[in-house]
Every structure is written in C-alpha cells, then in structure tokens.
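Nothing here was measured: the structure is a model prediction, and the numbers come from that model. All chains are named by letter (A, B, ...) in the order of the sequence lines, taking the proteins before the strands, and each is independently numbered beginning at 1.
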Amino acid sequence: MEQDALAQVHAQRAALAERARLPWWFWVLFALATLGLVGGPVISQLLPGDVTTYAVQWPAIAVYALAERLVRWSQGISLSTRMFEYPSSRIAGIVFLVVAVIGIIGVLGLQRSGLLVAAVVVVLVVSAVMVGAMVVIQRGMREDIRGGRWAGTPEVPSGLGPEAAAAARADLPVWFWVLFTVAVLVTLGGELSGPTANIGLPFVAFWPGLLLLCLVEALVRRAQGTPPSSRLARDFPSTRRPLLTLGIVLALGIVGTGVLAQHHQMPIAILVAFVATVFAVRSRVAVRHAVRADAAAAAVNGRAA
Amino acid sequence: VTPGRDPLFEVGPRLAICALLQGARWADFATVRDAVGAGDSVISKHTRTLEEAGYVEVRKGAVGRRARTWFRLTDTGRAAFEAHLAWLNSLTGALRAGE
C-alpha cells in the first residue's frame, strides 16, 4: 500500500514534468523577444524613421510577458517564475542573467562606436546563448519536478556516491588555485588592455579569460573524479550562495573595469580589477568549503543508511 | 524532513493532488482533474477538505466568460506533504530491511 502511494506520487510528478514541456510557439516568441531586447540599439538604427532603442525593447519585454501568460493559459499550470526556486536551474539562470546584462551593454557600446557588423554578430551570439540557457533552465525545472526537488524542501546531496563524496572532500591542487587566479585576472584585466582602452569598446575582451576559467574548472574536476561543474549546485546545495556571489562579483568586476577603462580611469580600473579578483577567489574558497561540508554530510548519510 | 504520518492524505486522491501541486506554483482545476483521473465532484470535494485544513489555497479567476479555478499548495501543506512522504519512504525502507 505504501509503495502504491509512492508510485502514485512519482506518476503525478512525471505527468507534471511532461506537461511542463514548452510548446514550439513559445520558443519562437522567446527567440524574437530576446532578439528585440538584446538587439534593440541595432534594430532601431536599421529601421526607417527616427525609432528609439526603447521603442524596440519595450515591445520585446511585452512579448516575453505575453508568451509566459499564453503558456500558463494553454498548459493549465503556472511554474515558478523565479527560476532560482528549482535547484537544477540556478547556474543556467545566473548565466542567463549575466549574459543578458553584459550582452545588452556590449551591443549598445558597439553600436555607439559605429561597429554595426560586430554589434549584429554579438546580438546573434548573445541571443543564441540566452535561448540555450533557457532550454537548460527548462530542462532543469522538469528534472526537479520529476525528482520532487524544490527550494522549499530541505535537500541532501543527490546522486553522490561514496567515491565521489570522498573525492569531493580531497584538497584542491595548488595549480588549480594559481590557474583560477590567473584566469580571473585575465577575465577582468582583458578589459584594461584590450579593445576597451584602445578603441573605447567595452565588454569584449573578457571572453578568453572566462573560457580559461571554465577550462580550469573542467580540468580539476577531471583530475579529481568529482561531478562536473554544471552539477555542482545540485549535488552540493550549500554551494549555491557562494556560486551566486562569485557570478555577481565577476559580472560587476567586468562591467566596472570596462566602464572605467572606457573613460580612461586606469588607476581606479586596475584597483577595481584587483579587488574583484580578491573577492572572486574568496568566493571560490567559500564554494570549496561548501562542497567539503556537503560531501561530509553525504558520507555520514551514507553510513547511516 | 521529520517523517510524520498525516491521515488527511490517506483518503481518496489527496496525495496525488498534492504530489501534482508540489512541483508547480499554481495548477488549474482541469489540469488536476485530468492528471489525477477523477471526476469534477471528487476533485471539488477533496480540494475543499485540503483547503479547510490550510493545505491548499484556492483562487478563482475567469478567462472571458469561463470561470477558471486555480490551486496552490500552501507552505503548511507542503511541509505536511513532505513529512508524510518521508514517513512513507521510511516505512518502505523498513519493510525492505525486514524482508
């Protein structure tokens, strides 16, 4: 009887997860709205007449709201609009927001510098990344619905075997910390030495540093046999807050150094880059502590089971 | 979650209704009825009981001239549902260990 009840619960969760799959027309509306929001400055310039950026961006935001409302009506369910309530969607949610903010500012900078072709390329790339992040967010939400995971529920590290838990508790090698610091410096410093300083074009030179950062993270996970970074927030729930802090510090650092470098305030830009690097490394250390604490809890739970 | 049996979930499709509502912020009447596979009157009766217990919040809206009823699991309902689920899991685990 108990097993019947549990099977019933699993069946309902699976049914809801399946119902939460978004229709094709939502993705069309979402992609159009994203193009309008990010590409507002470029589209307004290409349109005949005196069209302002806001005249393109506000209707795009209205299309977002309309698509959400239409999905709600057609599906008969309203999922949380706060994507951070679904644990598996948080990292993709942070990526979505950071890319959106940096993309919008970057496109504006390119358009004002007269680099229209570069602006169009950035619009397409940023829009594709945002749509991709939304796909990952939706997939994570469905996974969480199927697994009964929700921000309100106390979580335990999921899917973490004893070997992975032991690996996660091991110390990170010195080379990781050195490379991580270098990658953050390259990410933030790119804005100082790259196109920003030379041609007044902000938020372009940080991508190589960011790629290096991802590579360093992937290398250390491979070397240690721990779960991939994309599953960090799900497997180790305590890492969410420091990961969010790390994302915010990097985003603010990039924007801050970019804007200051554009206005030729080099000493202050260097100071901001340095301070942001210190805070980013501190946040990464906090993530490390959170992983270790959750891995220890998982090991205790495993023994108790 | 501290396991705790709640007899309220042991009657009719209440467990299934709450399982459905757990993953969504709001779900409408037709969705709940279709997913649970029960009639209108059964869903009305059990959601009213859950509402009276403070486990479910009911909101009535309209699309044009059609009335539409939405349900949401409250924090109290969510906590009670999760405790009951933990109790069911512990019971199943204990039964397996005893076999």
CZ of Arg72(A) to CH2 of Trp70(B), rounded to nearest 0.5 Å, is 4.5 Å
Quick one: does any side-chain atom of Thr31(B) pair with a main-chain N or O of Gly76(A) as donor and acceptor, under 3.5 Å? yes
Please report the closest heavy-atom contact between Ala19(B) and Gln12(A), naming both atoms and the distance. CB-CB, 3.8 Å
Which portion of Ala30(B) sits near chain A, non-hydrogen atoms under 4.5 angstrom: neither
Taking atom CG of Leu6(A) and atom CG of Leu85(B), what is their separation to the nearest 0.5 Å? 6.0 Å
For the CH2 atom on Trp25(A), are there more than 12 heavy atoms of other groups (residues, nucleotides or ligands in this structure) within a distance under 6.0 Å? yes
Got a second to check how far Gln22(B)'s CD is from Ile145(A)'s CD1, nearest 0.5 Å? 10.0 Å
Side-chain (Arg19(A)) to main-chain (Ala35(B)) donor-acceptor, under 3.5 angstrom: no
Search all heavy atoms of Leu16(A) against all heavy atoms of Leu20(B) and return the closest pair with its distance. CD2-O, 3.1 Å
